[in-house]
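Contents: one structure, followed by commentary.
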Amino acid sequence: MVDAKAEKEAKKLRNKLYREAVKKLISVCVEKMPGTLYDKFYCDELVKKYPTKDVLDELIAKVE
């Protein structure tokens, strides 16, 4: 029971960090590439190809 609760909290934290990384990617794309197709909606679809935060962080580093 305690392990399940700890696992649930860990998953919740991972999801929160992932969502923050998605927001960062969107802001970087909007800031660095204004007037292109890389807007919020494109990034929302793009992140579906990157299931973990680590892989998403690599993408953010490439964009920056």
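Quantities reported herein were computed from a predicted structural model and do not represent experimental measurements.
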N/O donor-acceptor pairs under 3.5 Å from side chains in residues 11-25, not counting sequence neighbours:
unit_1: Asn15; atom_1: ND2; unit_2: Lys11; atom_2: O; d: 3.4
unit_1: Tyr18; atom_1: OH; unit_2: Val47; atom_2: O; d: 3.0
unit_1: Tyr18; atom_1: OH; unit_2: Tyr50; atom_2: O; d: 2.6

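Under a 4.5 Å side-chain heavy-atom criterion applied to ILVMFWY residues, the cluster that includes Phe41 comprises that residue alone.
Annotation: the span from Asp57 atom CG to Lys62 atom NZ amounts to 12.5 Å, rounded to 0.5 Å. Atoms NZ and CD1, from Lys53 and Ile60 in turn, are 7.0 Å apart once rounded to the nearest 0.5 Å. Taking CG of Asp54 as the reference point, atom CG of Leu59 lies at 13.0 Å (rounded to 0.5 Å). In this structure, the separation between SG on Cys29 and CD on Glu64 is 9.5 Å, given to the nearest 0.5 Å.
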